[in-house]
K.L.:
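Below you'll find the structure I mean.
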Amino acid sequence: MDALGGQHCGFWNWNPFFSKKPRPSQRRPIRSNSGSTAGQGYQFPIKQAVTAASLSLTGDTIAQIRDRWSKAKAANNHSNDLQDVLSRISDHDWLRALRMTSYGFLLYGPGSYAWYQCLEHFFPKPSVQNIMLKVLLNQIILGPCVIAVVFAWNNLWLGKVKELPQKYQRDALPTLLYGFRFWIPVSALNFWVVPLQARVAFMSMGSIFWNFYLSSTMTK
C-alpha cells in the first residue's frame, strides 16, 4: 500500500495534485524603482525624478548665465565680467527655472525611466544588434516625444498654447536633427556601458549640455 500512497501515486508515479511548475519567461520582468515587479503596482521613481529635476535646473541655470553674459557683451556693458553676471540674482528668471525643474521631475525623469525599463525588458541581451536597436528607437521615438512634450510644457506655462503648432512647425524638426548629432553617440554609450538604474542620470547629465541649445530654442 505504500506504493499507492505518499508523494508518488499509482504504478506510473503520477499524482494529479502535484503539477509541474511552469517554465519561467525568457523576458525580464519590468521592475519598479524599489525592485518589485510591475504587477505589484506602480511606484513613482522618486530617485530618478529628483535626479532629472536637479540636473534640468543646473542646465537651465548655466543657460541663463550664458544668456546674460552674451547680452552684456552685446550691449558693450563695462560690467560684463563673469563675476558681475553671476552676482545679478535679480536678473535670474525663476519662473523659467521652475518650469524646467518641474518638467524634469514630473515628465522627463519618470517617463525616460519607464522607457529604459521597457527597452531593457524587450532587449535584455547586451548584443551589438540590441544596442543598435535601442539607439535607433531612442532617436525615432523618445527624441520626438521629448521635444514635443518640452515645447508643450513651455508654452503651457507661458500661456501660449495657441502658438504651439507654429512652434512645432518652426523649431521641432531643426531641433530634432540637431539633437541627432549629439544624442546618437551619447545614447550608444548609455546603452553600452551605463547600468539600467543610472541611465536616467547619465542622460540627464547629457541634457545639461543639450540645454544650451534647447533653452535658446524654447525662448525664441
Side-chain angles (χ1 to χ4, degrees), residues 24-63 66 97 100-151 153 172 175-218:
S25 175
Q26 296 296 325
R27 291 176 177 173
R28 297 179 182 178
I30 300 179
R31 297 183 176 273
S32 66
N33 188 39
S34 61
S36 59
T37 58
Q40 297 178 356
Y42 173 77
Q43 291 186 0
F44 185 78
I46 186 67
K47 181 179 179 180
Q48 286 74 17
V50 170
T51 300
S54 60
L55 292 175
S56 297
L57 176 62
T58 302
D60 178 70
T61 301
I62 297 173
R66 183 207 59 180
M100 291 302 299
T101 304
S102 61
Y103 161 76
F105 183 82
L106 297 175
L107 300 175
Y108 180 75
S112 58
Y113 179 68
W115 168 255
Y116 293 133
Q117 281 190 314
C118 288
L119 288 182
E120 189 69 16
H121 175 69
F122 290 107
F123 307 103
K125 294 182 180 180
S127 61
V128 175
Q129 181 180 1
N130 282 355
I131 291 175
M132 293 178 63
L133 282 173
K134 289 178 182 180
V135 172
L136 177 63
L137 292 174
N138 227 37
Q139 300 308 310
I140 65 176
I141 297 180
L142 182 62
C145 288
V146 167
I147 292 174
V149 170
V150 74
F151 281 5
W153 187 253
T175 304
L176 181 64
L177 295 178
Y178 189 88
F180 284 163
R181 291 184 288 175
F182 175 77
W183 286 116
I184 287 178
V186 171
S187 297
L189 184 62
N190 186 43
F191 290 121
W192 192 278
V193 296
V194 178
L196 176 61
Q197 64 273 15
R199 285 176 186 168
V200 173
F202 181 81
M203 296 297 280
S204 295
M205 291 181 66
S207 70
I208 293 177
F209 303 97
W210 173 242
N211 271 338
F212 284 118
Y213 180 80
L214 191 59
S215 295
S216 60
T217 302
M218 288 191 300

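Counting from 1, the numbers follow the sequence of the chain as shown.
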K.L.:
Would you indicate whether Y178, at its atom OH, is surrounded by more than 12 heavy atoms from other residues, nucleotides or ligands within a distance under 6.0 Å?
P.N.:
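Incorrect, the count does not exceed 12.
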K.L.:
Quick one: CG on L189 to CZ on F202, what's the gap to the nearest 0.5 Å?
P.N.:
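Going from CG on L189 over to CZ on F202, the span is 4.0 Å.
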K.L.:
Can you name the nearest heavy-atom pair linking G104 to P110, along with the distance?
P.N.:
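Smallest heavy-atom distance, with atoms named: O-CD, 4.1 Å.
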K.L.:
Calculate, to the nearest 0.5 Å, the distance between atoms CG and OG1 belonging to L106 and T101 respectively.
P.N.:
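Those atoms lie 10.5 Å apart.
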K.L.:
With sequence neighbours left out, what residues match V50 under side-chain contact (heavy atoms from CB on, under 4.5 Å)?
P.N.:
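V50 satisfies side-chain contact (heavy atoms from CB on, under 4.5 Å) with I46, F105 only.
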K.L.:
Would you say that L196 contacts Y113 through its side chain, given a criterion of any heavy-atom pair below 4.5 Å between the two side chains?
P.N.:
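No. Closest side-chain heavy atoms not under 4.5 Å.
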K.L.:
Check whether any side-chain heavy atom of M203 sits under 4.5 Å from a side-chain heavy atom of Y108, and report yes or no.
P.N.:
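Of all side-chain heavy-atom pairs linking Y108 with M203, at least one is under 4.5 Å.
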K.L.:
Name the one of L55, T61, D60 that satisfies side chain to side chain contact (heavy atoms under 4.5 Å, CB included) with M100?
P.N.:
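When L55, T61, D60 are each tested with M100, the side chain to side chain contact (heavy atoms under 4.5 Å, CB included) holds only for D60.
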K.L.:
What's the spacing between I131 CD1 and W192 CH2 if we round to 0.5 Å?
P.N.:
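Those atoms lie 4.5 Å apart.
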K.L.:
Could you tell me which non-hydrogen atom of T51 sits nearest to which non-hydrogen atom of S54, and how far apart they are?
P.N.:
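Looking at all heavy atoms of both residues, the shortest contact is O-OG, 2.9 Å.
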K.L.:
Donor-acceptor pairs are to be reported for all side-chain atoms of residues 132-149 against protein atoms at under 3.5 Å, with residues two or more places apart or in another chain.
P.N.:
residue : atom : partner : partner atom : Å
K134    : NZ   : E120    : OE1          : 3.2
K134    : NZ   : F123    : O            : 3.2
N138    : OD1  : W115    : NE1          : 2.7
N138    : ND2  : S187    : OG           : 3.2
Q139    : NE2  : S187    : OG           : 3.2

K.L.:
Using a 4.5 Å cut-off on heavy atoms from C-beta on, say whether the side chain of F209 contacts that of I62.
P.N.:
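Contact flag for I62/F209 side chains = no.
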K.L.:
Roughly how far apart are T175 OG1 and F151 CZ, rounded to 0.5 Å?
P.N.:
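Spacing of OG1 (T175) from CZ (F151) equals 4.0 Å.
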